[in-house]
> 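There's a structure below that I have some questions on.
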Amino acid sequence: MSGAVPIGYGQLALALGFVVLAGGASLWLKLGLGRDLLVGTLRTVAQLALMGYVLVYIFALNRPWLVLGVFAGMIFFAARIVAGRVKGKGVPVFWPVFLSMMLSYMVVSFLVVGVVVQADPWWGPRYFLPLGGMVVGNSMNAMALSLERLFGEVKNRRDQVEQLLSLGAEPGEATAGILADAVRAGMIPSINSMMGVGLVFIPGMMTGQILAGADPLLAIKYQIVVMLMLVGSTALGSVVAVSLARRRLFTPGQQLRPGPLVSP
Amino acid sequence: MEEPAAPELLRLADVSWQAPDGRLVLDGVSLALAPGELAWLRGPSGGGKSSLLRLINRLAEPSGGSITFLGKPLAGWEPSQLRRRVGLLPQSPVMLPGTVEHNLCLAFGFKAARGQAQPEKQSLRAALDELGLGGVALGAPALGLSLGQRQRLALARLLLLKPQVLLLDEPVSALDPESRELVEQTAAAQAGAGTAVLLVSHQPPPGAAAMRRLVLDRGRLREEGP
């Protein structure tokens, strides 16, 4: 591996020119995005710098509890973002999201790092954190889409759900079609990206590996593993999250819970 | 000589219900229904009729008072079993995509129907004929039916479960006079066969004068006769 051409601080500063360009567009078209662009730029620099130092520290310590702790922390923030996105529907979803992410992402990350890539040890931070992070980052959107669809459909099809209940359906039976729609909504983007990968776009991870001097054929193998693991984690995560969240929509008496989703 | 009192099927004692927005929709409603009884319930829109039926079908919980079915509080029944025995026909019945037959047999595919045989085509046909849907093919798409046809199809679907109490929420609102008469006759026939029927309707059903008449106004129930 020849390694990537090093970027100095001066060159990094040059990249700020792109933000100036975007800021110019905002001023010219009165988009009102100046402040967001500034905050976004500062956060990008600060968060990635922090992550860089944290990774250096974690790589040096090389302890499983630390790696898994960081992974759990990533899931915690992802769950907060998802719960925030579907907030306002009156159903608290933080715990269903957190638990389903923890379960499914842990399983998928372990299978990818330990079984497919066969990194030794399986929790090795150089593999586990970037791959696990990709699972978390990509599947987070799927989960938010699934939950939004679940709540939206239950609200729109409330009469149907109640009618099935009143014909003797259990909550799971009364919402089986809605659950399938919700999981499908979450999975479609990752299936679409499987269709477009390599034709429409070169994924970020592969780009990074190639820039860092890796053999493109090796980069491709990793990318294939990543694409497939994303589909798996999306499916698993959405199914578990939607199933857990669905339980929160019903009372123990198998009624749709009153609240913003259900008008009287 | 007084006739012995019929055994009670359904009893509501001092039932109240507060909507999630805090409005008191039902206030101290008491009512008993015996097998074979047909009662007509009317009242202004928003007076709490649909809410009352929903409580009896246990789609919502009362805020106060108690409801018993066959002497047992509703909470003591398995919800799916209770709802099949205390059947509710809502004001706007929903049909799922699929054939008329699929929609008629929906409830037989649920876990609560375990051990119960799916009705044969002959009984499905008979159920449709009884409600004036003789011209509707079992294989026709249910969503292609008119509102009035769907309302009758939903009633046929409910009757296939042979409920002991039948709660009909304005079943004739979308019907022409002929179909309306068929539905009202069906309700009376059900009562004749021992089912307790609570019929919500703005228009008086045939024989209303001789019928038990209930009025629900601003959450309070009163009896008018016979």
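So you know, we letter chains A, B, ... as the sequences are listed, proteins then strands, and number each from 1.
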> Which value, rounded to the nearest 0.5 Å, describes the distance between A:Ser166 atom OG and B:Leu89 atom CG?
8.5 Å
> Around atom CZ of A:Phe110, are there more than 12 heavy atoms of other residues, nucleotides or ligands at under 6.0 Å?
yes
> Does atom CD (A:Gln47) have a neighbourhood of more than 12 heavy atoms from anything else shown, all under 6.0 Å?
yes
> Report which part of B:Ala75 has an atom under 4.5 Å of a heavy atom belonging to chain A: side chain, backbone, both, or neither.
neither
> Looking only at non-hydrogen atoms, find the nearest pair between B:Arg157 and A:Leu167 and report the distance.
NE-CD1, 3.6 Å
> Side chain, backbone, both or neither: which part of B:Leu96 has an atom under 4.5 Å from a heavy atom of chain A?
side chain
> Which pair of non-hydrogen atoms, one from B:Pro79 and one from A:Gln254, has the smallest distance, and what is that distance?
CB-OE1, 3.7 Å
> Where on B:Gln81 is there a heavy atom nearer than 4.5 Å to chain A: the side chain, the backbone, both, or neither?
neither
> Ignoring hydrogens and angles, tell me if any N or O in the side chain of A:Gln255 forms a donor-acceptor pair with the backbone of B:Arg58 under 3.5 Å.
yes
> Pick one of side chain, backbone, both or neither for B:Leu106, based on which atoms fall under 4.5 Å of a heavy atom in chain A.
side chain
> Considering only heavy atoms, which portion of B:Pro93 lies under 4.5 Å from any heavy atom of chain A: side chain, backbone, both, or neither?
both
> Hey, is the main chain of B:Lys111 close enough, under 3.5 Å, to the side chain of A:Glu170 for a donor-acceptor pair?
no
> Is it true that a side-chain atom of A:Gln163 and a backbone atom of B:Val94 form a donor plus acceptor pair closer than 3.5 Å?
yes
